[in-house]
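Down below is the structure, laid out as structure tokens.
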Amino acid sequence: MNTSPADTELLRAERDGPILHLRLNRPLKRNAVNDGLILAIDRAFSALSADVRCVLLSGEGQHFCAGLDLSELSERGVYEGVLHSRMWHATLDKLQYAPVPVVAVLHGAVIGGGLEIAAAAHIRVAERSAYYGLPEGQRGIFVGGGGSMRLPRLMGVSRMGDMMLTGRVFDAEEGQQVGLSNYLVGEGEGLARGLALAQKICGNAPLSNFSVIQALPRIAEMAPSEGLFVESLVAAIAQGDPAAKDRIRAFLEGRAAKVAKQ
Ligand code: 1HE
């Protein structure tokens, strides 16, 4: 593992009430992910304090993330390569299966491992400068951070294969069309939109948020019969929570917001 004394600064953490804002912080290297940075992300998600209700993830400088730090790759043999990929898997599983939702704000390069990190988040907000690439094919390598599992679920195997085989880069508009981002916003507007979405998420009952991020992707992978059964269990658990009872009573008594066009 390559770590340096400056690793604590590789990921900046700031609290804004119930929101934890994590910033990839290697702007001079375009936030390329060295071992120190992936381990810092791992630590952050291993030690989320209980009063955090949502995480905002962004990148410092002109780019979200240039992917794997290629300068470390040349030192690895085959076995080290497998272990390294498994380390990314463990970290990004912690991110995807965090107890609270993660909103990623994307701008500039969202490349290789950077796109794999973004794909593990629950909501992606892209600024117009965002562009997406998987140059693994050109670099003679393969995705190793869970991209082959998560990215086809967002944009399809065929599009991902095209990006890897031909080096095709999607711009922000195309990324929005193919499902890489949930929201497309103007330049410099990503953090504000990400924060607004995080605040909305914080307003939900914690058990509902937990059920969405823990149960939904798992149920979607199940056979229909098993999935429907698990859905019934999760629905019953969620509606049995006192927070659900309070919220439903508030609606019936005219004290809760109606659903409205936005
Ligand atoms: C890096 C990296 C990196 C920048 N590893 N050092 N990812 C890639 O193949 C993308 C490689 N990077 C780029 O194509 C470009 O750097 C960018 C399009 C992202 C940005 O371009 P630009 O002109 O703003 O910056 P730059 O001048 O290219 O880079 C600034 C510095 O960052 C420079 O170092 P310096 O010491 O010369 O200043 C670059 O070498 C360094 N840098 N990107 C190492 N990726 C879990 S497996 C995932 C597998 C992958 O992610 S493969 C994709 C890898």
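When a ligand or atom number is given, it counts from 1 through the structure's own listing order. Atom set for the values below is all heavy atoms of this structure, side chains included, hydrogens, waters and symmetry mates excluded.
Proximity of a side-chain donor or acceptor of His107 to a complementary backbone N or O of Glu127 within less than 3.5 Å is not detected. Panel note: side chain Asn34, backbone Leu37; a donor-acceptor pair is recorded below 3.5 Å.
Using a 4.0 Å cut-off between charged side-chain N and carboxylate O, Arg76 and Asp35 make a salt bridge. We find that Asp246 and Arg249 are joined by a salt bridge, their nearest charged nitrogen and carboxylate oxygen being less than 4.0 Å apart. Salt-bridge formation is detected for the pair Arg23/Glu60: a Lys NZ or Arg NE/NH1/NH2 atom is positioned less than 4.0 Å from an Asp or Glu carboxylate oxygen. One finds no salt bridge joining Arg128 and Glu189 here, because no Lys/Arg side-chain nitrogen approaches an Asp/Glu carboxylate oxygen to under 4.0 Å. Using a cut-off of 4.0 Å between Lys/Arg side-chain N and Asp/Glu carboxylate O, Asp42 and Lys94 are scored as salt-bridged.
Residue Ile141 has no N or O atom closer than 3.5 Å to an N or O atom of ligand 1. Residue Ile111 places no N or O, backbone or side chain, under 3.5 Å from any N or O of ligand 1. Between Tyr131 and ligand 1, no pair of N/O atoms sits closer than 3.5 Å. Remark: ligand 1 and Leu68 share an N or O pair separated by less than 3.5 Å (distance only, no angle test). Residue Trp88 has no N or O atom closer than 3.5 Å to an N or O atom of ligand 1. At least one N or O atom of Arg30 sits closer than 3.5 Å to an N or O atom of ligand 1.
Here the protein heavy atom with the shortest distance to atom 47 (S) of ligand 1 is Gly144 N, 3.5 Å. In terms of protein heavy-atom proximity, atom 5 (N) of ligand 1 is nearest to Leu70 N, 2.9 Å. Looking only at heavy atoms of the protein, atom 50 (C) of ligand 1 is closest to Glu136 OE2, 3.3 Å. From the protein, the heavy atom lying nearest to atom 37 (O) of ligand 1 is Lys29 NZ, 4.8 Å. Among all non-hydrogen protein atoms, the one lying nearest atom 14 (O) of ligand 1 is Arg139 NH2, 4.2 Å.
Within the 4.0 Å cut-off (strictly below), a protein heavy atom is located near atom 43 (N) of ligand 1. Per-atom contact check: atom 40 (O) of ligand 1 does not touch the protein, criterion being a heavy-atom distance below 4.0 Å. Not a single protein heavy atom sits closer than 4.0 Å to atom 28 (O) of ligand 1. Protein non-hydrogen atoms do reach within 4.0 Å of atom 11 (C) of ligand 1.
Annotation for ligand 1: atoms under 4.0 Å from non-hydrogen atoms of Gly113 are 48 (C), 50 (C), 51 (O). Every atom of ligand 1 is numbered from 1 in the order shown, and the set under 4.0 Å from a heavy atom of Asp69 is 5 (N), 44 (C). Atoms of ligand 1 found under 4.0 Å from any heavy atom of Gly145, numbered from 1 in the order shown, are 46 (C). Taking every non-hydrogen atom of Leu28 and a distance limit under 4.0 Å, the qualifying atoms of ligand 1 come out as 30 (C), 31 (C), 32 (O). In summary, the atoms of ligand 1 found under 4.0 Å from a heavy atom of Pro135, numbered by their order in the structure, are 8 (C), 9 (O), 53 (C). Those atoms of ligand 1 that come under 4.0 Å of a heavy atom in His63, given as number and element, are 20 (C), 24 (O). Of all atoms in ligand 1, numbered sequentially from 1 with element shown, those under 4.0 Å from a heavy atom of Ala32 are 2 (C), 3 (C), 5 (N), 45 (N). The ligand atoms of ligand 1 that sit less than 4.0 angstrom from a heavy atom of Glu116 are 46 (C), 47 (S), 48 (C).
Of the candidates Leu56, Leu57, Leu95, Leu22 forms a side-chain contact (heavy atoms from CB on, under 4.5 Å) with just one, namely Leu57.
By the neighbour-count criterion of 12 heavy atoms within 6.0 Å, atom OH of Tyr183 is sparsely surrounded, having that number or fewer from other residues, nucleotides or ligands. Few gaps surround OH on Tyr97; more than 12 heavy atoms of other groups in view lie less than 6.0 Å from it.
Comparing heavy-atom distances from atom 8 (C) of ligand 1 across Gly67, Gly112, Ala66, Cys65 singles out Ala66 as nearest.
Between the side chains of Arg30 and Gln62, not a single donor N or O lies within less than 3.5 Å of an accepting N or O. At a cut-off of 3.5 Å, with distance as the only test, a side-chain donor of Thr166 or Asp162 sits close to an acceptor on the other residue.
Proximity of Gln138 to ligand 1, defined as any heavy-atom pair under 4.0 Å, is not found for any part of the residue.
A cation-pi arrangement is absent between Arg159 and Phe170 under the rule of less than 6.0 angstrom and at most 45 degrees off the ring axis.
For the pair Leu73 and Ile141, the minimum side-chain heavy-atom distance is below 4.5 Å.
Atom CG of residue Leu11 and atom CD1 of residue Ile41 lie 6.0 Å apart, to the nearest 0.5 angstrom.
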